[in-house]
**Q** 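Got a structure here, written out as C-alpha cells. Questions coming.
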Amino acid sequence: MNLSRWKSMLALLFALALFTAACSGDEVVDAAGDAADAAGDAAEDVVDDVTDDDAMEEDDDAMEDDDAMEDDDAMEDGAMEDTGVVTITGPERDESEAGALQTALSAFGEANGIDITYTGSADWEAEINVALEGGTEPDISIFPQPGKLADFARDGRLLEVPADTAASVSANWDAGSWGFGTVDGTQFGIPNKTDLKSLVWYQPARFEALGYEIPESWDELLALTDQAIADGNTPWCVGIESGQATGWPFTDWVEDVMLRTAGPEAYDQWVAGDLDFADPQVVGVFEAVKELWDRPGAVYADSGSISATAFQANGQPLVDGDCLMHRQASFFSAFMPEGTPVADGSEGAVDVFYFPANGDSRPILVAGTLVGAFHDRPEVWAVMEYLGGPEFANARQAAQKEAKGGDGSLSGFLTAVKGADLSLYEPLAQSMMEIMANAEVARFDGSDLMPADVGAGTFWSEGTSFVNGDVTALEAAEAIDASWP
Amino acid sequence: MSTPSTGSRGLGARLYRGLSSVPMWAFALVWLLPSLGLFVNSFRTRDGQRGSGFWRTVPDQFTIENYQTVFEANTVNSLGVSLLNSLAISIPATIIPISIAAFAAYGFAWIDFKGRKWLFIITVSILAIPLQVALIPLLKMYVGGAHLTLPFIGKTLTFIPAWGINGTSTAVWLTHTGFAMPFAIFLLHNYISSLPKDIFESARIDGADHFTIFWRLVLPLSIPVLAAFAIFQFLWTWNDFLIALTMIGSANPDALPTTVAIANLAGDFGRNEHLLPAGAFVQAFVPLVVFFALQRYFVRGLLAGSIKG
C-alpha cells in the first residue's frame with residue numbers, strides 16, 4: 001500500500017470522526033433500538049468506572065448524572081419508571097426565595113420519597129435554552145413569563161399536563177390565573193406564584209396629616225395628583241431605569257392604564273398583536289401616562305430625570321417624604337430602606353392601596369410564575385401537582401417569612417391560590433391578597449406575554465425614548481409595531 | 001568627565017524623571033478610580049450605596065457586613081465553596097495545556113518531520129475559530145458521547161463514550177484546555193524556536209536525545225514564557241463565565257465557580273446588588289496574588305519571540 005492511499009484513508013477517518021462528533025448526543029437520546037441501548041449501557045459502565053477511580057467529591061455528581069442517563073433510557077423504552085429524583089430550575093435565586101422554595105419542596109419530597117432539587121440562576125433564560133439543546137434539561141422548570149412557556153410548548157419541548165393532574169390542580173385557581181398556562185387551548189403550565197402589580201405605595205400617616213383620602217377611582221387619582229401639586233407636595237416618585245431592562249416600569253404603567261381605559265378585551269387583542277401599538281387607544285394610553293408625569297411638579301425623580309432614576313431608588317424618597325405615592329408591584333417591599341415599618345399604623349410606616357379604576361370591575365395587573373414539565377414520569381407530575389396547590393404556597397410562605405426575619409416581616413411571596421392560609425401572612429400581604437380576591441378582571445403583565453423582541457425589547461427602549469421626549473407617542477408606537485415579529 | 005557636568009545632568013535627569021512621572025500618576029489614578037469606588041462601596045450598606053456616591057462616604061459608616069454575607073454558607077450563594085470550585089477549574093486548565101503545548105512547541109520548533117509546516121499552520125489557524133460556536137456541540141458530546149450508527153447493518157460505533165461529565169468541573173477545565181491549546185502552542189513555539197541553535201547542536205554532540213534536550217535545556221530556558229502564559233491562562237479561566245455556565249449551569253450548583261456565583265448574588269430584580277462590590281473583590285483577590293507573584297516574568301514573557309536574534 002502506498003503512502004497516498006494511507007493519507008486518504010487517514011483523511012477519511014478524520015472526516016468520520018468530525019462527523020460523529022457533530023451528530024453526537026442526538027443519537028443516544030433519539031435513536032431507539034437495541035444497539036443504542038447497548039451503547040447506553042456501555043456508557044454507564046464507563047461512568048461507573050470513572051466514578052470509582054476518581055471518587056472524591058465528584059462522586060455524588062456522577063451518580064446524579066448516572067440517574068439522569070437512566071431517565072433517558074427509560075424514555076426510550078417508553079416506560080415511565082419512578083426514579084425518585086426530580087430536578088427543578090428557575091430564575092429565583094435569592095437565598096430567602098430559593099431557600100424557601102427548596103424547603104417547601106423538601107418537605108413534600110421527604111413525605112413522598114422523592115429527592116427534589118431546586119436550582120435558581122440569574123441566567124435561567126439563557127441556560128434553559130442551552131440545557132434543551134444539550135439534552136440536559138431539568139424535569140421541571142419555573143417560568144416567569146407565560147410567553148416563554150408558550151414558545152417551548154409550541155416547539156414541542158414542553159409536555160402537556162395530563163388530564164387527571166390538570167383536573168385536580170385547576171380547582172385551586174380562578175379561571176384567569178389558570179388560563180395563563182393554557183397555550184392554544186392546551187394546558188402546558190400550572191400557576192405557582194402571583195405578584196400583584198396594580199399597587200400604589202404610600203404612607204398612611206402622611207396622607208392623614210395632609211388630609212388626603214385614598215382615591216377610589218381613576219378620576220379621583222388624577223384629582224389627588226393635582227391637589228397635591230397645588231398644595232406644594234410632589235405626588236409621585238417615578239424611576240424607570242433598570243440596566244438593560246430600562247423602561248419596564250413604564251410598560252407596567254401603560255398596561256395598567258390600558259386595562260383601565262381600554263378594557264380587558266382590547267388589552268387581550270393588544271397583547272396578542274391584533275391591536276397595533278399605533279392604534280389611537282394605545283397611543284392615547286402612552287400620552288395619558290406621560291401627561292400625568294409631565295404635569296409640573298408631579299414627579300420626584302431621585303437622579304434628576306425619570307429615565308435615569310433606578311426603579312429600586314424610589315423607596316428612600318417615599319420614606320423621606322420627597323413624594324407621596326409610588327406605583328409599583330408587591331415585590332417592592334424588598335426595596336424599602338432597611339427597618340421601614342410596613343402597615344403597622346406607626347408614624348413612618350408604608351402601606352399600599354389599589355391603583356384605582358373607574359367603575360366597579362376593579363381590574364388588576366398581575367405577574368408570577370408557572371411551572372412546566374419536560375419529562376414524563378409519575379413523580380414529576382406529583383411534584384407539579386404539589387407546586388400548583390395551597391400546601392406548597394403555605395409551606396413556602398412559612399419558610400420565606402422565617403428567612404426574612406420571622407413574624408412582622410414581609411416575605412415577598414404572594415399567591416392567588418385558593419385555600420392559602422391567610423394567617424401566615426402579614427396584614428399588608430393580606431390586603432394585597434384581598435385585592436386579588438376582589439378583582440373581577442386579572443390580566444398578566446402584557447410585556448411578558450408579547451414576543452421577546454417587543455415585550456423585552458422595543459416596548460422598553462421606545463417607551464424610554466418617549467418618556468425622554470425624544471420621540472412622540474405615535475413615532476414610538478410605530479417603531480414598536482415595526483419590530484413585532 | 002568633570003564633576004559639574006555630571007551634577008547638572010543629574011539635576012536635569014532628576015527633574016525630567018520627576019515631571020514625567022506626574023502624568024503617569026494622573027493616568028494611573030484615573031484608571032484606578034472605578035476600582036477604588038468599587039472597593040469603597042464594598043464596605044457600605046445597601047442604603048448607603050443606593051443613597052450617595054462613594055466619594056461622599058464617611059469612614060465611620062464602613063461595615064464588613066457585605067463580606068460576611070457573601071461568605072455565609074447558604075443554599076445557593078456562598079462564595080467559599082465556589083472559590084474552591086474556581087481553583088479546581090483554573091489549576092488543571094492552566095497546568096495541562098502548558099504541559100502539552102510545551103512538548104508540541106518543541107516538536108514544531110526542533111524536530112524535523114514531514115508536514116510540520118502545514119500542521120503548524122492548521123494549529124495556529126484554529127485560533128480564528130470562536131469558541132462560542134463549539135460550546136453546544138461540546139456539551140452534547142460530554143452528555144451523550146460521540147456515536148455513529150452504520151447504515152444498513154445497524155451497528156453503532158462509539159468513538160467517545162457518554163461520560164455524562166456535564167455539571168462537573170472536569171467538563172469546564174477540559175474545555176478550557178482544548179481552547180487554550182492553539183494559542184499556547186503558538187506562543188511557546190515562537191519562544192522555543194528562537195533559542196540559539198548552538199546549544200541544541202552541542203547537546204546533540206554530547207549524546208542527548210530529544211527528551212533530554214527538552215527536559216534539561218528547553219524547559220529551564222523557557223520559564224519566563226511558561227510563566228507568562230500561565231498568568232494569561234489562569235486569569236482567563238478564573239474570570240471565565242460563559243463556559244462554566246454552559247457546562248455546569250443549573251445541573252449542579254455545588255460545582256459552580258465564583259463568577260457564576262457572583263452573578264447569582266445580585267438576586268431577583270437586583271435587590272441584593274449591594275453585595276456585588278464585595279463579591280467582585282473576593283473574586284479579584286486570587287488573580288491579584290497570582291499576578292504579583294509572577295509579574296516579574298510577565299513583561300519578559302510578553303516579549304517572547306518578538307525579537308529574533
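So you know, we letter chains A, B, ... as the sequences are listed, proteins then strands, and number each from 1.
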**Q** We want to know whether A/T119 and A/T89 form a side-chain donor-acceptor pair, criterion being a heavy-atom distance below 3.5 angstrom.
**A**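 There is no such pair between these side chains.
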**Q** Can a donor-acceptor pair be found between the side chains of A/D123 and A/S121 at a distance below 3.5 Å?
**A**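 On atom types as modelled, these side chains do not qualify, holding no pair under 3.5 Å.
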**Q** Report which part of A/E92 has an atom under 4.5 Å of a heavy atom belonging to chain B: side chain, backbone, both, or neither.
**A**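 It is both, since atoms from each part get that close.
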**Q** What residue in B/D47, B/T45, B/L139 has the most heavy-atom pairs under 4.5 Å with chain A?
**A**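 Max contact count across the listed options: B/D47.
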**Q** Is it the case that atom CZ in B/F241 sees more than 12 heavy atoms from other parts of the structure closer than 6.0 Å?
**A**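 It does: B/F241 CZ has more than 12 such atoms within range.
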**Q** Counting only non-hydrogen atoms closer than 4.5 Å, does A/P144 touch chain B with its backbone (N, CA, C, O), its side chain (CB onward), both, or neither?
**A**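 Neither part, no heavy atoms under 4.5 Å.
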**Q** Which answer fits A/P337, side chain, backbone, both or neither, if we ask what part of it has an atom under 4.5 Å from a heavy atom of chain B?
**A**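 Backbone plus side chain of A/P337, per the 4.5 Å heavy-atom cut-off to chain B.
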**Q** Under a 3.5 Å cutoff, is there a donor and acceptor pairing between the side chains of B/Q283 and B/N239?
**A**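 A pair is found: one side chain offers a donor N or O, the other an acceptor, under 3.5 Å apart.
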